[in-house]
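Since the structure is predicted, the reported quantities are computational estimates derived from the model, not experimental observations. Below, read A as the first sequence line, B as the second, and so on, with proteins coming before strands; counting in each chain starts at 1.
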Protein chains: 2
Amino acid sequence: MTTTLPAPEVQDAPAPAPARAATRADVARAAGVSTAVVSYVVNEGPRRVAPHTAARVRAAIAALAYSPNVAARSLRKGSSEMVGLVVPDIGNPYFAELARAVEVAASEQGLLVALASSQADGDVERELMAELSSRNVDGLLVSTVRPPEHLPPPPPGHRPTVLVNASRPYPGYAAIGADAAQGAYDVVDHLLGVHGHTSVALVIGASTERLPEPREEGFANAFAAHGLPPGPVVRTVFSRTGGYEALRRILSWRHRPGAVFLSSDEQASGAYRAVREAGLECPEDIALVAYDGTSHSEFSWPPMTVSRQPIAAMARAALATVLGSSPVGNHQEFATELVVRRSCGCP
Amino acid sequence: MTTTLPAPEVQDAPAPAPARAATRADVARAAGVSTAVVSYVVNEGPRRVAPHTAARVRAAIAALAYSPNVAARSLRKGSSEMVGLVVPDIGNPYFAELARAVEVAASEQGLLVALASSQADGDVERELMAELSSRNVDGLLVSTVRPPEHLPPPPPGHRPTVLVNASRPYPGYAAIGADAAQGAYDVVDHLLGVHGHTSVALVIGASTERLPEPREEGFANAFAAHGLPPGPVVRTVFSRTGGYEALRRILSWRHRPGAVFLSSDEQASGAYRAVREAGLECPEDIALVAYDGTSHSEFSWPPMTVSRQPIAAMARAALATVLGSSPVGNHQEFATELVVRRSCGCP
DNA sequence: TTGAAAGCGCTAACAA
DNA sequence: TTGTTAGCGCTTTCAA
């Protein structure tokens, strides 16, 4: 301990810092006004305050370093001024970028973001949603790991919820996502059409669902459009390691595909490493393209050709949707953008 | 308004769904007890309740789907069961990993994490700290962008705060960080001692401080230990682009250094790209090493030699410190680990 | 233009 | 073991 405690009973000593924060009553007293006036000044309404009075109040606020107690305001107004965000893993660059976008959009509205990771576990996700809801978040954004058939409709009393990163509709929920089928189609079509590949593998997560994943669908559609049989599909986890293992597998095949479509930036990161480790060059020996297109993909070598999700726009829309309590059961789909860089073979 | 108000005086009509959430008073009425008893049951204390009474209360809670109002509890108790985390940018892989570690540690204690990004702006950071504090977070973890001389002591009433990612003491604050000077020393010493480099450049952020940055200090010390004059220092922003620009600059020098020490993984990511783009190979043409060592560094090619921060351990310690209201003004320093991979020239 | 005061829902000290 | 009640700090209606 290098600091010394102030002597407790000495009244005339320079005032020791008060143990508690200044309240609106302290400010009112210091400014010689009522607490209502302080409120009017702080909130710039709902009543007008004479400029001179307002100045006095502001001076008192500054002098006391007063800052309103959000918990009290939240109780009084019945809103927590907070949105909840549930993602599978904040360490994944896609979700990190999503979190940043949500945070930026939220802070523009004076809202805080409560962040929770489901660890890609549906049960954890459910608990987290209930927990956040009971905290009266003004809105709940969830990137669910559960397929529609495993996501029960929101229980009564749940806060307004919107599913983000949802590439298809979820009955009973508002959902927002990129058009992943089209995104997958675009980037695979580029490989097939522009570069003349005939064999492209897909690396994607394990299928836990009845319906085909949209990226898988777009992948297959691109082949169909070119009159080709669909390429092989490798299922693995959505992680760097997953992408790494998948490529190791693919590179060991007798007939190695000319290109691979990675269904996420994170998998692509692992894939690059496996290719390099095998002493191969991208795109000369094998072309790599991906879905997501976070800033990560721009800094791999060679820079990665991707279908990019409009993360910022989707985050903004998600927030607007959940705060405006839009009709449930609809699905807002955002177009992806084909970003051609070098990993596909383009110069 | 689609709901109809209950007819006020009709006692026997089937109760229409209440327009508002049930409160503790509703539960008390339904169970025929006082609100205090409901509190005791909900919180399992601080007074004992007769089993039979408790059962009645629990039945009423279930029947009314009552869930406590967190804002009210938070106001009353001065605690929100939430910790605040302020980082410069959640999109940076280091902070994403830190956020994940904090979130994991917090959820083990039943705490939620409120996340806020300062955008590397000291004023925003200050506001965010005040905002989070006024929400009665139980603890505040801040990765400050301000040097000690620009970080005023916590104002009265501020919640317990600990600075994370702090590589030196901050007067008036508890601070936790890795021993960056030693980490920098280790990795530069490896370059100098094992690989026989004589010229190593440092890429680091702009210096806004009086004291030398610890990484810069460690960098210089390593040269001194080898009887060498310190290498050149390039100051840029802490971002991928910063690292990219810095390497472009370095590669244009007449006497190109044999190796570069990047002071963060993020800068290293940009650096790799600049090296590749120049048609150079790492480590043959120029060796690259970095500080931070997030999982990112493992998946670059070649895999990056780094001094790795023990992020999970530091996050856990930060939470323990802030919740235990440890003495201020101390500095917990964690050792980094030299992780030798390939970018330094090791096989 | 300003002030007084009634709660928002909850906890816990105090009383019974 | 249970009930009564005084606030926590704030917003806002109502009165002056």
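- In this structure, B:Leu75 places its CG atom 17 Å from P of C:dG7, rounding to the nearest Å.
- Atom CZ in B:Arg135 sits roughly 17 Å away from atom C1' in D:dC8 (whole-Å rounding).
- Rounding to whole angstrom units, CD of residue B:Glu81 and C1' of C:dT11 are separated by 13 Å.
- With no hydrogens or angles considered, no side-chain donor-acceptor pair links B:Tyr173 and B:Asn330 at under 3.5 Å.
- As rounded to whole Å, 11 Å separates atom P of D:dC8 from atom CG of A:Asp26.
- B:Arg100 places a side-chain heavy atom less than 4.5 Å from the side chain of A:Asp89.
- For B:Arg316 and B:Glu108, the salt-bridge test passes: some basic side-chain N is under 4.0 Å from an acidic carboxylate O.
- One can place CZ of B:Arg48 at 18 Å from P of C:dA12, the figure rounded to the nearest angstrom.
- Straight-line distance from the NE2 atom of B:His52 to the C1' atom of D:dT2: 15 Å, rounded to whole Å.
- Judged by distance alone, the side chains of B:Asp138 and B:Ser79 do bring a donor and an acceptor atom under 3.5 Å apart.
- Summarising the geometry, the separation between CD on B:Glu131 and P on D:dC10 is reported as 13 Å, rounded to the nearest angstrom.
- At a threshold of 4.5 Å between non-hydrogen side-chain atoms, the residues A:Asn165 and A:Ile176 do not count as touching.
- Contact annotation: A:Ser34 side-chain N/O to C:dG3 OP1/OP2 distance is under 4.0 Å.
- B:Val33 comes within 4.0 angstrom of the backbone, heavy atoms only, and of no base.
- When only modelled atom types and interatomic distance are considered, A:Glu103 and B:Ser117 share a side-chain donor-acceptor pair under 3.5 Å.
- Judged by distance alone, the side chains of B:Arg73 and B:Asn43 do bring a donor and an acceptor atom under 3.5 Å apart.
- Across the protein-nucleic acid pair, B:Arg29 atom CZ and C:dG9 atom C1' stand 13 Å apart, rounded to whole Å.
- No side-chain heavy atom of B:Tyr94 sits less than 4.5 Å from a side-chain heavy atom of B:Val87.
- Between B:Ser74 and D:dC8 there is no side-chain polar atom (N or O) within less than 4.0 angstrom of OP1 or OP2.
- Comparing B:Gly32 and B:Ala72 by the nucleotide of DNA chain D whose heavy atom lies nearest to each, the residue mapping closer to the 5' end is B:Gly32.
- An angle of 40°, rounded to 10°, separates the two end axes of the helix from C:dT1-D:dA16 to C:dA16-D:dT1, each defined over five pairs.
- Looking only at side-chain heavy atoms (C-beta outward), B:Val142 and B:Thr161 come within less than 4.5 Å of each other.
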Would you tabulate the nitrogen or oxygen pairs shorter than 3.5 Å linking the protein to nucleotides 11-14 of chain D?
| from | atom 1 | to | atom 2 | distance (Å) |
| --- | --- | --- | --- | --- |
| D:dT11 | OP1 | A:Asn43 | ND2 | 3.3 |
| D:dT11 | OP1 | A:Arg73 | NE | 2.8 |
| D:dT11 | OP1 | A:Arg73 | NH2 | 3.1 |
| D:dT11 | OP2 | A:Ser39 | OG | 2.8 |
| D:dT11 | O2 | A:Arg76 | NH1 | 2.1 |
| D:dT13 | O4 | A:Tyr40 | OH | 3.1 |

